[in-house]
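Quick note: numbers below take in every heavy atom, side chains included, and nothing from hydrogens, waters or symmetry partners.
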Amino acid sequence: MSIFQSINTSASALTAQRVRMDVISSNMANMDTTRGEMVDGEWQPYRRKMVVTQPQGNQFSSFLNKAMGSSSTVDGVKVTEIVEDDTPFELIYDPDHPDANDEGYVAMPNVDPLKEMVDLISSTRSYEANVTAMNATKGMLMKALEIGK
């Protein structure tokens, strides 16, 4: 295990949380977008997107290290994909809206601002925790360097 392994682990988590915050920001920005994408010649509202993460332990180097007897099972996290939420769109009665159907209903995006704020707070706290872990590791390495003086 490298002395920088914990910093690399925290860095991967910071990257994953940043991507998660970017997706949440995109969802919040498009929460009123009724023309998200064109499907079969008709506009569909914006669909909420979510980040899928998984541990980085599925790489060849991880299996090789385990086979060579390395006791390190600490790996970071990576974003594997960004998926769309299949929750149905909410219909709102607004006959004056340009995207209203014949009955006067408008399909609105499936973005719930409350759910997005909860995800944003969770992502922010995780980001802060990883910055704290990275600073603690940096402090320990600096103290180790002072021993050699």
| To the nearest 0.5 Å, what is the distance between CG (Leu14) and CE (Met134)? | 5.0 Å

| said: Give me the atom names and distance for the closest heavy-atom approach of Ser12 to Val77. | reply: OG-N, 3.1 Å

| query | To the nearest 0.5 Å, how far apart are CD in Gln5 and CG in Asp75? | reply | 6.5 Å

| Minimum heavy-atom distance Met21-Ser123, with the two atoms named | CG-OG, 3.3 Å

| Residue pair Glu116 / Leu120, side-chain heavy-atom distance below 4.5 Å | no

| message | Consider side-chain contact (heavy atoms from CB on, under 4.5 Å). Of Asn110, Val83, Asp112, Asp86, which one does Arg48 pass it with? | response | Asn110

| field | Interatomic spacing from CD in Gln17 to CZ in Arg125 - rounded to 0.5 Å | value | 12.5 Å

| message | Quick one, Asp22 with Arg18, criterion salt bridge (charged side-chain N to carboxylate O under 4.0 Å, His left out). Give me CA distance, side-chain angles, the key distance, then yes/no. | response | CA-CA 6 Å; Asp22 289 346; Arg18 184 195 50 80; 2.9 Å; yes

| said: Testing Asn27, Val111, Asn30 one by one against Lys49 for a side-chain contact (heavy atoms from CB on, under 4.5 Å), which residue passes? | reply: Asn27

| field | Pro45 side chain reached by Met108 side chain, heavy atoms, under 4.5 Å | value | no

| field | Minimum-distance pair of heavy atoms, taken over all atoms of Ala100 and Pro95 | value | CB-O, 4.1 Å

| query | Hey, quick one: are Phe4 and Val131 part of the same hydrophobic cluster, counting side-chain heavy atoms closer than 4.5 Å, chains of contacts allowed? | reply | yes

| remark: Interatomic distance, OG1@Thr124 vs CD1@Ile24, rounded to 0.5 Å, equals 7.5 Å

| Side-chain donor-acceptor pair under 3.5 Å between Thr34 and Asp99, yes or no? | yes

| field | Same apolar cluster: Met31 and Tyr46, side chain cutoff 4.5 Å | value | yes

| query | Does Glu146 CD have over 12 foreign heavy atoms under 6.0 Å away? | reply | yes

| said: Is any side-chain heavy atom of Arg47 closer than 4.5 Å to one of Asp85? | reply: no

| task | Can you establish whether the number of heavy atoms outside Met38 located under 6.0 Å from its atom CE is more than 12? | result | yes

| field | From Lys138 atom NZ to Lys143 atom NZ, the distance as rounded to the nearest 0.5 Å | value | 13.0 Å

| request: Go through the steps for Met50 and Val23 under the test side chain to side chain contact (heavy atoms under 4.5 Å, CB included), then give the verdict. | output: CA-CA 7 Å; Met50 299 177 293; Val23 169; 5.9 Å; no

| said: In the structure I gave you, are the side-chain heavy atoms of Arg35 and Pro98 within less than 4.5 Å of one another anywhere? | reply: yes

| Among all residues two or more places apart in sequence or in another chain, which pass the salt bridge (charged side-chain N to carboxylate O under 4.0 Å, His left out) test with Glu37? | none

| field | Set of residues satisfying ring pair (Phe, Tyr, Trp, His ring centres under 6.0 Å) with respect to Phe89, sequence neighbours excluded | value | none

| said: Return the CD1 to OG1 distance between Ile82 and Thr53, rounded to the nearest 0.5 Å. | reply: 11.5 Å

| query | Would you find more than 12 non-hydrogen atoms of other residues, nucleotides or ligands less than 6.0 Å from Glu103 atom CD? | reply | no

| request: Check whether any side-chain heavy atom of Arg20 sits under 4.5 Å from a side-chain heavy atom of Ser122, and report yes or no. | output: yes

| Can Leu91 be reached from Tyr93 by stepping across I, L, V, M, F, W or Y side chains whose heavy atoms are under 4.5 Å apart? | yes

